[in-house]
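Since the structure comes first, as structure tokens, the remarks are kept for the end.
Note: hydrogens, waters and symmetry copies are ignored here, and every other heavy atom, side chains too, is used.
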Amino acid sequence: MVRLVSPPFIVPGGTVVRTSRPSANARTSPTFNRLTVVWVQTNGVPFRTTNFFAQLIRNGRVVSQAVFDPFGVVRFNNIGTLTQVSYELRAFNPAGILQRVRTIPAGVQTFAIIG
């Protein structure tokens with residue numbers, strides 16, 4: 001097998017910076033160990049979600065329920081990552097009124113509700 005050589009990285013001023021590539025055998029693992037959902041505006045700024053809550057639905061049954069923190073983040077402590085199955089996510093306001101419904105695909109560790 002032919003091994004390709006990468007050109008050196010030269011920063012302004014002519015200094016050569018050596019870089020290395022991660023090993024092909026390096027194992028990667030998820031950054032988040034529990035399913036985490038972030039609710040953000042279209043510009044990327046999180047909503048204020050004090051007392052909002054969310055449910056995960058699978059086959060018409062509630063699998064998990066968790067409360068959002070004030071910064072638009074909810075963490076489902078009993079759902080490990082990477083998820084093995086898809087879920088329906090339902091987000092509710094503090095009065096219990098349904099605000100958003102989204103489908104979370106299998107194989108993710110985080111999910112964003114945009115808008």
Side-chain angles (χ1 to χ4, degrees):
M1 174 185 261
V2 176
R3 186 172 187 136
L4 299 176
V5 178
S6 298
F9 180 68
I10 301 174
V11 296
T15 306
V16 175
V17 178
R18 297 191 186 273
T19 59
S20 63
R21 212 177 250 166
S23 164
N25 297 334
R27 292 188 56 166
T28 59
S29 62
T31 303
F32 296 97
N33 60 358
R34 298 289 176 229
L35 179 61
T36 305
V37 176
V38 181
W39 193 353
V40 296
Q41 300 172 42
T42 54
N43 63 1
V45 176
F47 281 106
R48 279 182 280 152
T49 53
T50 303
N51 297 325
F52 280 64
F53 64 97
Q55 293 178 337
L56 284 181
I57 310 293
R58 176 83 179 147
N59 296 328
R61 303 187 82 173
V62 176
V63 176
S64 184
Q65 183 169 313
V67 178
F68 279 90
D69 69 7
F71 310 105
V73 178
V74 63
R75 181 177 177 210
F76 294 95
N77 289 325
N78 63 331
I79 308 296
T81 59
L82 300 167
T83 57
Q84 301 295 312
V85 296
S86 62
Y87 295 100
E88 179 181 290
L89 173 74
R90 296 180 182 173
F92 297 87
N93 70 10
I97 298 171
L98 182 63
Q99 297 292 306
R100 301 286 187 277
V101 176
R102 299 289 188 270
T103 300
I104 300 177
V108 299
Q109 57 183 327
T110 59
F111 185 79
I113 303 171
I114 301 174

What residues form a side chain to side chain donor-acceptor pair (under 3.5 Å) with [X], not counting sequence neighbours?
X: Q55; result: Q65
X: N51; result: none
X: N93; result: none
X: E88; result: R90

Would you be so kind as to tabulate the donor-acceptor pairs closer than 3.5 Å made by side chains of residues 40-50, with sequence neighbours excluded?
{"from": "N43", "atom 1": "OD1", "to": "V45", "atom 2": "N", "distance (Å)": "3.1"}
{"from": "T49", "atom 1": "OG1", "to": "D69", "atom 2": "O", "distance (Å)": "2.5"}
{"from": "T49", "atom 1": "OG1", "to": "G72", "atom 2": "N", "distance (Å)": "3.0"}

Within residues 101-110 or reaching into it, pairs that qualify as side chain to side chain donor-acceptor pair (under 3.5 Å) - sequence neighbours excluded = none
To the nearest 0.5 angstrom, please state how far the CG atom of L56 sits from the CD1 atom of I104.
->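 One gets 5.5 Å once the value is rounded to the nearest 0.5 Å.
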Pairs meeting criterion ring pair (Phe, Tyr, Trp, His ring centres under 6.0 Å) with involvement of residues 54-74, two or more places apart |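 Those involving residues 54-74 are W39-F68.
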Enumerate the residue pairs fulfilling ring pair (Phe, Tyr, Trp, His ring centres under 6.0 Å) with a member in residues 86-115, sequence neighbours excluded, ordered by first and then second residue.
-> F53-F92
Using side-chain contact (heavy atoms from CB on, under 4.5 Å) as the criterion, list what pairs up with S86, not counting sequence neighbours.
-> R58
Using a side-chain heavy atom cutoff under 4.5 Å and only I, L, V, M, F, W and Y, what cluster partners does V62 have?
->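 Listed partners: I57.
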Worked verdict on N33 versus R75 for side chain to side chain contact (heavy atoms under 4.5 Å, CB included) | CA-CA 10 Å; N33 60 358; R75 181 177 177 210; 3.2 Å; yes
Between R100 and I114, is there a donor-acceptor pair closer than 3.5 Å when you use the side chain of the first and the backbone of the second?
-> no
